[in-house]
Amino acid sequence: MDFNGSHILSIDQFDRSDIETLFSVAEKLEPYSLRKKVTRVLEGAILGNMFFEPSTRTRISFGAAFNLLGGAVRETTEIGSSSLVKGESLRDTAQVLSGYSDIVVMRHFEDGSVEDFSKASRVPVINGGDGSNEHPTQALLDLYTIEKELKINKKTIDGLRIALVGDLKFGRAVHSLSKVLSLYSNVTINLISPEELKLPPSYLSQLKKSGVVVNESENLEEGITGVDIVYMTRIQEERFKNKSDAIKYKGLLSLNKEIYTENCEPNTVIMHPLPRDSRQEANEIDSDLMENPNLAIFRQADNGVVIRMALFALVLGVVDKIEDTSRDISWHTSKRH
Ligand code: CP
């Protein structure tokens with residue numbers, strides 16, 4: 001893909017060489033994301049960070065990533081504070097925002113909405129999650145995390161065995177992740193969900209067509225046996241017609257120390273795109289796993305910053321200019337990994 005000036009709407013746009021390019025730029029940007037160095041390479045640029053649905057990680061990490069490259073951020077945090085509630089169309093909104101911004105990140109509750117918005121935008125648009133459809137940058141940071149975590153045990157994504165657990169029907173993070181994993185060879189994916197929340201057929205057939213070995217099950221213990229990664233997810237109650245329908249699925253697939261210890265190999269990595277639902281009735285990852293060094297959920301969230309920095313640098317065409325304005329930091333900074 002030619003990143004320069006492109007919209008990033010779906011993980012389908014990426015092939016393996018694009019991912020290698022992105023990850024190599026991310027490695028180069030690690031000193032900046034870890035606050036060891038400062039760059040002003042995007043000084044003067046403005047990000048329109050348009051979130052029409054709740055978010056903590058995606059919104060803040062996109063904003064932080066842009067700030068860390070020297071750019072400024074303007075944002076909307078809910079649909080109620082935008083003129084969409086007055087009946088303005090997404091396309092008019094796109095026309096207006098592209099006059100105010102150099103790049104837009106957008107999250108919206110409708111499938112396909114970000115692509116629709118991009119058609120009227122004069123600046124690149126990045127999908128920060130559209131309904132239950134896709135969350136491409138989450139898949140990219142997940143893959144970056146998987147690669148780093150596996151490397152510790154001298155493993156690669158080729159040959160990966162992963163369990164995707166939870167709401168596979170509505171979870172856009174697993175939709176994008178399953179697609180990107182189909183680019184790798186000798187991958188086995190155990191899909192573990194209640195029958196009604198299985199991975200939709202289109203994603204399943206893409207996996208099978210690309211040679212991924214897929215096993216479907218409703219049983220957590222069976223599905224996590226022998227895998228390298230257990231990827232837990234939340235029941236996406238906001239996607240159900242009635243929230244009360246979601247309640248019956250909460251707590252069916254919860255990982256705790258006992259289940260982990262009895263079924264997983266010692267170095268099995270635990271991931272979750274977050275937010276995890278920590279309420280007692282759901283409790284996808286029990287607090288008794290918090291001290292487990294293989295719990296990678298916050299390393300995974302941290303990786304969102306550097307991956308999003310790399311994407312901005314590539315889409316705005318400044319990768320070769322990052323060092324030009326580079327200097328060491330001059331303030332106290334906490335230790336980061
Ligand atoms: N993973 C993720 O998309 O988190 P937020 O909803 O907090 O952005």
Side-chain angles (χ1 to χ4, degrees), residues 8-11 26 33 47-68 73 75-82 103-111 113-114 117 125-146 148-149 162 164-181 229-240 243 246 250 255 269-279 282 284-285 295-312:
I8 306 294
L9 302 173
S10 166
I11 201 69
S33 72
L47 163 67
N49 211 19
M50 299 295 121
F51 278 70
F52 301 121
E53 196 180 49
S55 169
T56 296
R57 276 143 292 273
T58 312
R59 181 171 63 82
I60 305 292
S61 64
F62 264 120
F66 209 74
N67 287 151
L68 286 165
V73 181
E75 65 182 10
T76 292
T77 54
E78 56 171 312
I79 195 158
S81 57
S82 81
I103 188 163
V104 170
V105 173
M106 183 177 150
R107 170 173 287 188
H108 193 283
F109 47 85
E110 278 173 11
D111 294 21
S113 52
V114 181
F117 179 98
V125 176
I126 300 180
N127 185 355
D130 62 319
S132 58
N133 182 35
E134 278 228 43
H135 195 347
T137 63
Q138 179 70 46
L140 294 167
L141 77 89
D142 286 345
L143 199 67
Y144 189 67
T145 306
I146 291 170
K148 285 178 107 168
E149 298 288 328
I162 185 168
L164 304 180
V165 184
D167 182 352
L168 310 183
K169 179 181 179 185
F170 294 120
R172 58 191 172 203
V174 283
H175 295 167
S176 293
L177 181 59
S178 70
K179 284 179 177 208
V180 80
L181 288 174
I229 310 269
V230 179
Y231 188 99
M232 302 297 294
T233 67
R234 180 178 62 89
I235 302 298
Q236 310 279 303
E237 65 182 348
E238 63 275 31
R239 309 277 173 235
F240 285 71
K243 269 195 177 180
K250 289 190 179 188
L255 187 66
V269 177
I270 305 164
M271 294 177 62
H272 192 306
L274 303 181
R276 58 175 162 156
D277 187 342
S278 295
R279 289 170 288 193
E284 291 129 23
I285 300 176
L295 184 71
I297 57 176
F298 298 118
R299 296 194 286 277
Q300 182 183 356
D302 281 356
N303 287 334
V305 174
V306 78
I307 283 296
R308 288 168 174 138
M309 288 175 81
L311 210 48
F312 284 136

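Each ligand, and each atom within it, is numbered from 1 in the order the structure gives. Quick note: residue numbers are just sequence positions, from 1.
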At a 4.0 Å threshold, what atoms of ligand 1 neighbour a non-hydrogen atom of [X]?
{"X": "L274", "answer": "1 (N), 2 (C), 4 (O)"}
{"X": "T58", "answer": "2 (C), 3 (O), 4 (O), 5 (P), 8 (O)"}
{"X": "P273", "answer": "1 (N)"}

Just to confirm my output: which protein heavy-atom neighbour is closest to [atom], and how far is it?
{"atom": "atom 6 (O) of ligand 1", "result": "R107 NH1, 2.9 Å"}
{"atom": "atom 4 (O) of ligand 1", "result": "R57 NE, 3.0 Å"}
{"atom": "atom 7 (O) of ligand 1", "result": "T56 N, 2.7 Å"}

### Exercise: do T137 and R308 side chains pair donor with acceptor under 3.5 Å
yes

### Query
Any side-chain donor paired with an acceptor under 3.5 Å for H272 and R234?
no

#### Entry: Side chain proximity check, R239 to F109, heavy atoms < 4.5 angstrom
yes

### Query
Which of these passes salt bridge (charged side-chain N to carboxylate O under 4.0 Å, His left out) with R172: E238, E134, E53?
E53

### Query
F51 ring centre to R107 NZ or CZ under 6.0 Å, with the angle to the axis within 45°?
no

### Query
Out of I126, N67, V105, which residue meets the side-chain contact (heavy atoms from CB on, under 4.5 Å) rule with L47?
V105

### Summary
Closest to atom 8 (O) of ligand 1 (heavy atoms only, candidates A301, P54, G304, S55) is S55

